[in-house]
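Shown next, in structure tokens, is the structure this report addresses.
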Number of protein chains: 4
Amino acid sequence: MALDHNASGVFPIAVTPFLPDGSLDVKSVDSMTDFYLGAGATGLTILGIMGEAPKLEMSESLAITKQVVQRAGNVPVVVGVSAPGFAAMRQLARGAMELGAAGVMIAPPPALRTDDQITTYFAQAVEAIGDDIPWVLQDYPLTLTVVMTPKVIRTIMQNHASCVMLKHEDWPGLEKISTLRGFQKDGSMKPISILCGNGGLFLDFETERGADGAMTGYAFPDMLVELVDLARQGIRDEAHDLFDAHLPLLRYEQQQGIGLAVRKYVLQKRGAIASDAQRKPGGSLTAAAKAEVEYLLSRLAKRDARARA
Amino acid sequence: MALDHNASGVFPIAVTPFLPDGSLDVKSVDSMTDFYLGAGATGLTILGIMGEAPKLEMSESLAITKQVVQRAGNVPVVVGVSAPGFAAMRQLARGAMELGAAGVMIAPPPALRTDDQITTYFAQAVEAIGDDIPWVLQDYPLTLTVVMTPKVIRTIMQNHASCVMLKHEDWPGLEKISTLRGFQKDGSMKPISILCGNGGLFLDFETERGADGAMTGYAFPDMLVELVDLARQGIRDEAHDLFDAHLPLLRYEQQQGIGLAVRKYVLQKRGAIASDAQRKPGGSLTAAAKAEVEYLLSRLAKRDARARA
Amino acid sequence: MALDHNASGVFPIAVTPFLPDGSLDVKSVDSMTDFYLGAGATGLTILGIMGEAPKLEMSESLAITKQVVQRAGNVPVVVGVSAPGFAAMRQLARGAMELGAAGVMIAPPPALRTDDQITTYFAQAVEAIGDDIPWVLQDYPLTLTVVMTPKVIRTIMQNHASCVMLKHEDWPGLEKISTLRGFQKDGSMKPISILCGNGGLFLDFETERGADGAMTGYAFPDMLVELVDLARQGIRDEAHDLFDAHLPLLRYEQQQGIGLAVRKYVLQKRGAIASDAQRKPGGSLTAAAKAEVEYLLSRLAKRDARARA
Amino acid sequence: MALDHNASGVFPIAVTPFLPDGSLDVKSVDSMTDFYLGAGATGLTILGIMGEAPKLEMSESLAITKQVVQRAGNVPVVVGVSAPGFAAMRQLARGAMELGAAGVMIAPPPALRTDDQITTYFAQAVEAIGDDIPWVLQDYPLTLTVVMTPKVIRTIMQNHASCVMLKHEDWPGLEKISTLRGFQKDGSMKPISILCGNGGLFLDFETERGADGAMTGYAFPDMLVELVDLARQGIRDEAHDLFDAHLPLLRYEQQQGIGLAVRKYVLQKRGAIASDAQRKPGGSLTAAAKAEVEYLLSRLAKRDARARA
């Protein structure tokens with residue numbers, strides 16, 4: 001069940017559930033997995049940036065992988081393996097695949113600047129983890145400060161048969177999707193899966209530009225699933241109506257830094273996890289912010305019953 | 001009519017109108033000014049980052065200032081004077097004030113890092129332009145990469161009587177407004193005006209947190225004016241209904257890089273300027289992007305007649 | 001034998017020896033340790049940035065620590081524990097101390113900007129590793145892009161009794177040493193040890209400004225030891241004569257990126273390690289660069305017999 | 001007398017002389033020009049980063065250009081025209097050429113990241129200033145944070161016949177010179193002039209790698225001239241002896257931030273300028289730093305009589 005370029009739909013970026021004391025909330029790992037699958041997820045991504053991965057010890061990362069993979073059954077699990085060095089990246093990537101992961105995801109380290117530095121880095125990463133592991137290229141300049149042009153992405157895709165998916169979260173990024181799909185049409189790039197991140201802030205148009213779906217952690221993955229389905233069927237106005245109803249909350253959750261606190265708060269309300277605690281150092285919501293989220297949920301509830309949790 | 005800390009309402013960030021050949025569109029400077037005033041603007045900000053200021057020669061900057069100030073009559077005009085060196089900053093600041101500007105706006109240069117570097121920079125800037133010119137502190141980390149804590153902003157405000165306003169566009173930034181208003185309440189900071197930027201993406205809550213209004217360039221300044229008024233009167237749900245109707249387009253316009261092309265495109269449609277041309281090097285909209293903007297306008301038009309231009 | 005603020009002399013930043021196939025060169029770990037001790041080192045720092053630490057798995061890091069600590073006997077060993085997350089930092093720090101390390105060294109992650117972010121980060125780090133572990137604050141803006149003012153360093157030192165040393169490698173940094181020693185004199189900061197890095201490029205004056213010695217990896221640690229001794233005794237001209245003789249090579253080794261290749265090349269020539277191999281991804285010297293190093297060594301050999309290896 | 005790819009020797013980066021009150025020191029503009037020419041300079045570069053260019057008004061920049069060009073007679077003068085916008089760049093570039101400048105120098109703005117962004121920027125710059133103006137490409141990643149690979153430099157050189165010289169100050173940068181000269185040999189790049197900056201810290205080897213000389217502002221341009229001549233004649237040991245004698249001071253002057261204060265201090269001592277004042281905001285030397293410079297000069301004077309000023 002290896003990841004390949006046909007992947008589509010919604011791969012939620014899973015949070016990592018913690019108890020208030022900072023220890024891993026093993027029970028919530030199951031309930032969270034069930035929640036995402038119940039929402040219609042076609043895959044799962046764990047240990048991403050929003051999964052508090054750098055706060056975990058290697059043994060914890062592997063334990064979470066094992067548990068999620070087992071619980072997810074036939075649904076493919078992608079494991080974030082970005083690391084400051086290739087030894088740790090290799091260790092986690094090979095360990096995760098042995099435990100049944102479908103693939104891994106790699107982001108470029110922030111110091112990369114030139115096109116050659118970027119393509120070289122991913123060549124070294126593939127050499128480190130082995131070219132038998134399907135992987136997702138993460139393109140996230142807003143947080144990582146690394147800017148990859150469509151041409152550089154094409155070079156990486158052509159250099160590595162094992163790279164099968166782009167996690168697209170450039171910003172702005174609509175033209176990038178069009179350009180990459182153009183590369184496929186003119187035969188200069190192999191087919192790839194494109195799933196979009198960035199909290200879903202442009203998912204309404206990203207699907208129309210040719211994205212295969214979403215890889216992001218918005219607390220209503222069920223909405224994302226519906227949206228991607230509507231877009232696939234070309235039911236445009238309905239797709240936008242749904243999206244627009246969620247946009248005020250989605251935008252609020254997409255804020256850098258406090259977004260994860262919002263996300264965990266809503267996921268807890270929806271029963272996906274037992275606690276919205278983050279392992280230290282973590283953000284938290286002020287009373288004012290909580291009231292704002294509640295207000296947004298109450299407004300959303302008028303149009304989407306799922307917000308009435 | 002100098003700018004002071006009582007400023008409130010909406011100060012649109014004005015675009016600079018060009019003809020397709022890149023020359024200044026003098027006629028549109030008037031129509032644009034009229035458009036903003038007609039929308040209910042309580043002030044105007046010219047020569048900001050989104051006003052293509054770095055593409056202008058000094059003589060052009062002064063000519064635009066003169067024309068807008070005269071046309072605006074009693075409405076205060078703030079002039080962006082950020083520059084890589086203090087000689088140019090001083091020249092433009094003093095020139096603009098002589099022409100009748102109400103104040104100037106200064107952003108920190110991207111290289112600043114430490115708290116002391118930031119406060120020192122603004123002390124040098126005030127020494128350069130003179131402490132008799134009212135000025136606006138621009139806090140825009142997303143683009144400028146300079147991070148100012150509330151404490152640093154307070155230090156600057158306390159150091160300089162002539163600093164009367166914060167252009168708030170930190171992101172996320174709601175807590176910053178609350179903290180700064182807290183400083184005023186506990187007496188550790190003088191009263192200041194806070195107008196919010198960032199394309200208005202959080203203006204619905206920023207007003208509730210204590211902002212005095214907006215200083216941003218969204219192509220529907222009339223909506224911003226209404227929103228600020230509703231918020232001031234505490235008509236909460238109606239304010240959010242209005243905001244939410246505009247949010248899909250507002251979010252689209254807020255994209256870094258192509259946002260200005262969207263803004264000028266809509267302003268042209270609305271008759272504010274004759275051409276959406278940017279002086280080189282400028283962005284432009286692809287056919288796909290234009291179609292998306294049109295679609296967003298058509299959806300908006302169902303709720304807001306102003307979008308039926 | 002815990003590290004304290006009386007530490008002085010030379011703590012070489014040890015390289016990590018690898019065999020040409022990329023595996024750890026266990027035998028050279030001993031010979032390298034012996035080499036540094038034979039050069040007069042008063043301490044040792046392992047797993048630093050120039051020690052290729054991010055390329056190691058946790059188990060390797062602990063194995064190297066164990067071996068060096070045992071071999072070094074009474075000489076204190078400082079272990080670099082900088083990591084993208086506190087879980088890994090804690091694991092290595094506590095593991096290293098259990099194995100007999102004298103202290104650990106922590107660098108700030110590149111994303112930190114404001115004074116408060118910096119002091120908060122180190123408070124979180126101390127909470128993570130425990131306040132019973134003596135630690136060294138690394139101040140290295142050239143590579144890490146984090147700028148700490150003397151006041152921020154003072155705040156960190158005053159906040160944490162367990163912080164006993166500054167690894168000084170600001171650039172330029174002479175005034176910083178003077179300012180920090182001034183803080184001690186005026187009673188606003190506790191006594192701290194200051195050892196200087198940056199390849200030793202300003203060690204001639206750093207010692208005169210009040211530094212206690214060096215913590216850097218120049219391939220002639222015996223020269224650094226002599227220099228620090230001469231400076232301590234106030235034999236100024238002789239100290240500078242020695243330093244100036246080494247400066248052409250020292251400067252060459254201090255180049256970002258290829259410096260480590262130069263260092264390992266010379267250390268291999270001097271018999272400290274069996275191979276100059278770096279674990280992937282690593283730099284290497286071109287034929288032209290090797291010839292330049294040889295030429296510099298031959299020139300140095302006229303004044304310092306140790307270069308005749 | 002337009003600049004072309006045959007340029008070689010030493011083009012000092014001229015300081016801009018100010019009086020203690022911050023006004024331009026018109027008299028010293030002449031004495032400084034005479035000093036550089038007397039030192040054997042084959043060209044002059046004015047209004048560079050170390051020439052405090054951003055602190056000047058446009059009219060001052062043009063006045064300095066006029067004066068230096070007239071005084072320099074047949075010696076070509078290169079004018080730094082880097083600016084945040086193309087309007088100011090064009091204005092200064094065309095103005096300077098009309099006044100008799102031999103060419104201009106352009107540095108990339110710090111925000112550029114990808115290879116395409118860099119080549120596009122310079123295409124826009126050439127379009128702005130006109131393709132009839134010979135220009136120097138400045139490659140200075142340490143300060144500008146823009147990283148240009150040799151391939152990108154080649155693309156720029158091939159795209160623009162008017163680009164005739166590289167100001168090389170990558171760090172480390174020796175291999176870059178070798179690679180670029182290799183491009184010329186294999187016919188993939190036209191011949192270009194390469195003059196090296198970075199304070200001269202690697203000029204001893206840069207000349208051996210194929211550089212045509214230096215473009216830097218070390219306060220002993222006469223030494224740089226001698227060094228380049230010795231290198232050209234292949235008198236290697238003597239070249240290095242001369243360089244090594246100056247290296248302790250040269251390194252001291254090369255410090256970021258305070259380097260200009262050191263440079264102006266020594267230039268004043270040598271009679272090139274009347275005052276070492278910098279226009280605000282400027283750095284200055286502490287008493288300790290001045291004493292260090294004096295000590296370095298006294299040590300240098302033993303080997304080079306010019307230091308006995």
Side-chain angles (χ1 to χ4, degrees), chain A residues 141-143 145 147 170-179 181-182 198-206 208-210 236-237 239-241 243-259 261-262 283-289 291-293 295-296 298-300 302-303, chain B residues 141-143 145 147 170-179 181-182 198-206 208-210 236-237 239-241 243-259 261-262 283-289 291-293 295-296 298-300 302-303:
Chain A
L142 186 63
T143 288
T145 78
V147 183
D170 199 350
W171 185 66
L174 294 173
E175 298 306 331
K176 195 173 231 176
I177 298 173
S178 297
T179 303
R181 288 309 187 205
N198 241 330
L201 196 62
F202 289 89
L203 190 58
D204 49 346
F205 290 112
E206 286 162 345
E208 298 178 11
R209 291 289 187 115
R236 191 183 200 190
D237 289 346
H240 281 271
D241 288 344
F243 180 82
D244 290 358
H246 279 265
L247 185 53
L249 175 61
L250 189 151
R251 158 215 58 162
Y252 198 97
E253 191 193 292
Q254 202 251 351
Q255 293 175 85
Q256 297 274 67
I258 73 156
V262 176
S284 63
L285 298 180
T286 61
E292 287 162 349
V293 173
Y295 181 65
L296 288 167
S298 73
R299 288 178 59 81
L300 176 58
K302 292 177 201 158
R303 308 216 194 163
Chain B
L142 187 62
T143 288
T145 79
V147 184
D170 200 351
W171 186 67
L174 294 173
E175 299 306 331
K176 195 173 232 176
I177 298 173
S178 297
T179 303
R181 289 307 188 207
N198 240 328
L201 196 62
F202 289 90
L203 190 58
D204 49 346
F205 290 112
E206 286 163 345
E208 297 177 12
R209 292 289 188 116
R236 191 183 200 191
D237 290 345
H240 281 270
D241 288 344
F243 180 83
D244 289 357
H246 279 266
L247 184 53
L249 176 62
L250 189 151
R251 157 216 57 163
Y252 197 97
E253 191 192 291
Q254 202 251 353
Q255 294 176 85
Q256 297 273 69
I258 71 157
V262 176
S284 62
L285 298 181
T286 60
E292 287 162 350
V293 173
Y295 181 65
L296 288 167
S298 71
R299 288 178 59 82
L300 176 57
K302 292 178 200 159
R303 309 213 193 165

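Lettering of chains follows the sequences in order, A, B, ..., and the numbering in each one begins at 1. None of the values given here were measured: they were computed from a predicted structure.
The residue among Asp237(A), Leu174(A), Ile258(A) with the most heavy atom pairs within less than 4.5 Å of chain B is Asp237(A). Looking only at heavy-atom pairs under 4.5 Å with chain A, the residue among Arg251(B), Gln255(B), Glu208(B) that has the most is Arg251(B).
When heavy atoms are compared at a cutoff of 4.5 Å, Arg236(A) approaches chain B by way of both its backbone and its side chain. Leu296(B) touches chain A through its side chain: at least one heavy atom from C-beta onward sits under 4.5 Å away, while N, CA, C and O do not. Neither the backbone nor the side chain of Leu250(A) comes within contact range of chain B; no heavy atom of the residue lies under 4.5 Å from a heavy atom of that chain. Within the 4.5 angstrom heavy-atom criterion, atoms from both the backbone and the side chain of Tyr252(B) approach chain A. For a residue to count as touching a neighbouring chain, one of its non-hydrogen atoms must lie under 4.5 Å from one of that chain's; by this rule Ala245(A) does not touch chain B. Heavy atoms closer than 4.5 Å to chain B are found in the side chain of Glu175(A), but not in its backbone. Within the 4.5 angstrom heavy-atom criterion, only side-chain atoms of Leu142(A), from C-beta onward, approach chain B. Interface remark: Phe243(A) contributes side-chain atoms only to the contact with chain B (heavy atom separation under 4.5 Å). At a 4.5 Å heavy-atom cutoff, the contact between Asp241(A) and chain B is made by backbone and side-chain atoms alike.
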For this session: Test side chain to side chain contact (heavy atoms under 4.5 Å, CB included) on Leu247(B) and Asp244(A) and set out the steps.
Result: CA-CA 8 Å; Leu247(B) 184 53; Asp244(A) 290 358; over 6 Å; no

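The shortest non-hydrogen separation linking Pro141(A) to Val147(A) is CB-CG2, 4.4 Å. The shortest non-hydrogen separation linking Gly283(B) to Ala261(B) is O-CB, 4.2 Å. Taking each heavy atom of Asp204(B) and Leu201(B) in turn, the nearest pair found is OD1-O, 4.3 Å.
A side-chain donor-acceptor contact under 3.5 Å links Gln254(A) to the backbone of Asn198(A).
Separation of the Phe205(A) and His240(A) ring centroids falls under the 6.0 Å cut-off.
Taking CG of Asp170(A) as the reference point, atom CD of Gln256(B) lies at 11.5 Å (rounded to 0.5 Å). Atom-to-atom distance recorded for Arg209(A):CZ and Thr179(A):OG1 is 8.5 Å, nearest 0.5 angstrom.
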